[in-house]
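Structure, as structure tokens:
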Amino acid sequence: MDQHRLHRAGVARLTEARQVLLGVVGRAPHARRLIEDLDRFGTDLDAALHRLPQPARGRHVSADQHFGPSRSIRHRSIMRVRFAPSPTGALHVGGARAALYNWLLARGPGEGGDGMPGTFVLRIEDTDRERSTEANVAQILDALRWLGLDWDEGPISQVANTPRHQQALAQLLADGHAYHSDATAQDVKAYKEQHGADRGFRGTPQSSGAVRLRVPGQGVTAFNDLIRGEVSFPNASMDDPVIARADGTVLYNFAVAVDDLDARITHVVRGEDHISNTPKQLLVFQALGQTPPQYAHLPLLHGPDGKKLSKRHGAASVQELRDAGYLPEAVDNYIALLGTGFAPDEEFFTLQEMAQRFRLERVSKSPAVFDEQKLRHLNGRHLRELSTEELTERLERYTGRTGLRAAVEISREKIQTLADFWPLAGFLIDGPVDDPRAFAKVIDADGGRDTLSAARDALASVQEFTVPAIEAALRTVVERTGLKPGQVFQPVRVAIAGTTISPGIFESVALLGRERTLALIDAALAK
RNA sequence: GCCCCCAUGGUCUAGUGGUUAGGACGCCUGCCUUUCACGCAGGAGAUCGCCGGUUCGAGCCCGGCUGGGGGUACCA
């Protein structure tokens, strides 16, 4: 269709196409060749257009092996996406975001807004049998559930698909798309020293050894990344990748392609660290004679040092975030924000709202730095959205304590994470904490004890021990002494909480009750 | 080294040819006030990485450069 349009446009457009080529692919060798072709064929549109690949996304071009979005895929069926973590460790926030984006895609209004629900497939990439563990699998599933990211199919174990992998491998071996080779890493290195660093390794077929995929000597392997646009790799610079070990077990780049094919995945959305794996997988699809899915590579998440986020940057796993008292709602909201905007002037969203608004093509191309401060802020907002019942439940689960409801009620406006609760309100349940500095500064200070005992007397004579009555009594002390409110309230606070941080003082006193409050004040005065 | 990707205040983003470059986090000031937090009202902070080009006009288009990142495994 695009070719026809070009046809109609005539020769004049050829010059423009040349310009586009120059702009888009720059000085890549294959672009040079294409441009030369265009120049050589001049007005021979048919010949030139034959070489001119399908424009994708309006004006991107590619050459040779092109795997762009084809209309047949786009409109053929519902979107099938997958998240495929390898169980070699806990679920990282980077992985969590990849899972989230896939989930948003599947739960969203559908590609092109056709309203069709998508399917979210969960696959466990466990072909690295050295490092994969069952415990990690369990932990990853647990983290996904906690985040509220439910899947429609799976978890599928990649190793369970071994027979199919073997069958596909045999096929490639039989039709010459792959060959055995016992070349070692040293052999590859030596090959490059001899042929040049930008020369991909090409082995010679042998009767046994690992299996390598044949990469074409010429041309490029390109694809239209849904986030980045055209991405292309010169075939000549790619090594023939090893797709199966000498013992016959398959490797990642081969297994992924076969599994994505079998699961009829339509969109592969994953981290940018996979971008250079894509041509290898594309070549597997091609060797198998199959149409590949569309790809979208997410920018990586960085730590404050600008490097790929990892354990050394602190709370980098979902479990750690949970332990730090963050809410799944906030974690989802925050990591979704790291990479795309949902609205020009608002950032607070629920999963459902994000699913409605999420657009793959709007995802940022540049890496984002994980900023815990902002997560805290968002967490506070989500926390305040919760009903007191719900928040109490979560807090009781988090602290392992019960009977927190009343304390939660008077603390909820003052905490940003679940972890903030106990340091603020724990004294209401377990009694005052020990903070000698606060005691010295507030009670041992000039007049501290006098004020405190005046406050004690006032509280002792309150008729009904309610918040308004308590407040009235203490304010009377303020008036009578001529002190500032804080000078009266702080000693009481330190007496009952042990420290200067607590929920509202009247509320705290009321919750503790007269007996306990007076006892605590007496104890403080006696200290 | 080689292949690939990226580039708007400290951080996350909006902005696709004409804007005083918008919002959020953080920071600062004031209000509220009982500590903390919330809320409200203000403020500081960006030569839109640099240099060219196209254009009457460029953060937006093109090229080069620089910088950053990813990959470079018989790991995933």
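Everything quoted here is computed from the prediction, not taken from an experiment. Here is how names work: the chains are called A, B, and so on, in the same order as the sequence lines, proteins then strands, and each is numbered from 1.
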If the [atom1] atom of [N] is compared with that of [M], how far apart are they to the nearest Å?
N	M	atom1	value
B:rU19	B:rC48	P	14 Å
B:rC62	B:rU54	P	15 Å
B:rG23	B:rG43	P	11 Å
B:rG49	B:rU55	C1'	23 Å
B:rC51	B:rU66	C1'	10 Å
B:rA44	B:rG59	P	23 Å
B:rG70	B:rA76	C1'	15 Å
B:rC65	B:rA7	C1'	13 Å

Candidates [options] - which lies nearest the side chain of [X]:
X	options	answer
A:Val242	B:rG23, B:rU13, B:rC74	B:rC74
A:Leu251	B:rG69, B:rG23, B:rC74	B:rC74
A:Asp198	B:rC74, B:rC6, B:rC2	B:rC2

Short side-chain N/O contact from [X] to OP1 or OP2 of [N], under 4.0 Å:
X	N	answer
A:Thr127	B:rA76	yes
A:Arg245	B:rC75	yes
A:Lys308	B:rG71	yes
A:Arg362	B:rG15	yes

Need the pair for [N]. Rule: Watson-Crick or G-U wobble, both distances under 3.5 Å, any strand; none if unpaired.
N	value
B:rC25	B:rG10
B:rU55	none
B:rG30	B:rC40
B:rC75	none

How many whole angstroms separate atom [atom1] of [X] from atom [atom2] of [N]?
X	N	atom1	atom2	answer
A:Phe201	B:rC3	CZ	P	19 Å
A:Asn224	B:rC5	CG	P	12 Å
A:His302	B:rG67	NE2	C1'	13 Å
A:Gln373	B:rC27	CD	P	6 Å
A:Lys365	B:rG70	NZ	C1'	17 Å
A:Leu213	B:rC74	CG	P	14 Å
A:Leu122	B:rA76	CG	C1'	15 Å
A:Tyr191	B:rC2	OH	P	18 Å

>> Minimum heavy-atom separation for A:Gly498 and A:Asp435, please, with both atom names.
In response: O-CB, 3.2 Å
> Nearest nucleotide by nearest heavy atom, which residue falls closer to the 5' end of RNA chain B, A:Ala246 or A:Lys307?
Replying inline: A:Lys307
> Between A:Leu338 and A:Ala197, which is nearer to the 5' end of RNA chain B once each is assigned its nearest nucleotide?
Replying inline: A:Ala197
Mind checking [X] for me? I need base, sugar-phosphate or nothing, with any heavy atom below 4.0 Å counting as a touch.
X	value
A:Asn277	base
A:Pro344	base
A:Gly339	sugar-phosphate
A:Glu125	sugar-phosphate

>> Does the protein touch nucleotides 30-51 of chain B at the base, only the backbone, or not at all? Give it as B, S and - per nucleotide, heavy atoms under 4.0 Å.
In response: ----BBBBS-------------
>> Walk me through whether A:Arg214 and A:Asp240 qualify under salt bridge (Lys or Arg N to Asp or Glu O under 4.0 Å).
In response: CA-CA 5 Å; A:Arg214 265 187 217 288; A:Asp240 281 356; 5.7 Å; no
Ring centroid separation [X] to [Y] under 6.0 Å:
X	Y	answer
A:His382	A:Phe348	yes
A:Tyr101	A:Phe83	no
A:Phe489	A:Phe506	yes

> Just by distance, with hydrogens left out, do A:Gln294 and A:Asn224 show a side-chain donor and acceptor under 3.5 Å apart?
Replying inline: no
> Have A:Asp126 and A:Gln158 got a donor and an acceptor in their side chains that come within less than 3.5 Å?
Replying inline: no
>> Could you check whether A:Arg212 pairs with A:Asp239 (Lys NZ or Arg NE/NH1/NH2 to Asp/Glu carboxylate O, under 4.0 Å)?
In response: no
> Are A:Asp262 and A:Arg123 within salt-bridge range, i.e. N to O under 4.0 Å?
Replying inline: no
> How far apart are the C-alpha atoms of A:Tyr326 and A:Gln416, what are their side-chain angles, what is the distance that settles it, and do they pass the side-chain hydrogen bond (donor to acceptor under 3.5 Å, both in side chains) test?
Replying inline: CA-CA 9 Å; A:Tyr326 292 108; A:Gln416 278 186 298; over 6 Å; no
>> Let's test your reading of the model: under 3.5 Å, does the base of B:rC5 pair with the side chain of A:Arg228 as donor and acceptor?
In response: no
>> Given the structure, check if the side chain of A:Glu346 and the base of B:rG23 hold any donor-acceptor pair shorter than 3.5 Å.
In response: no
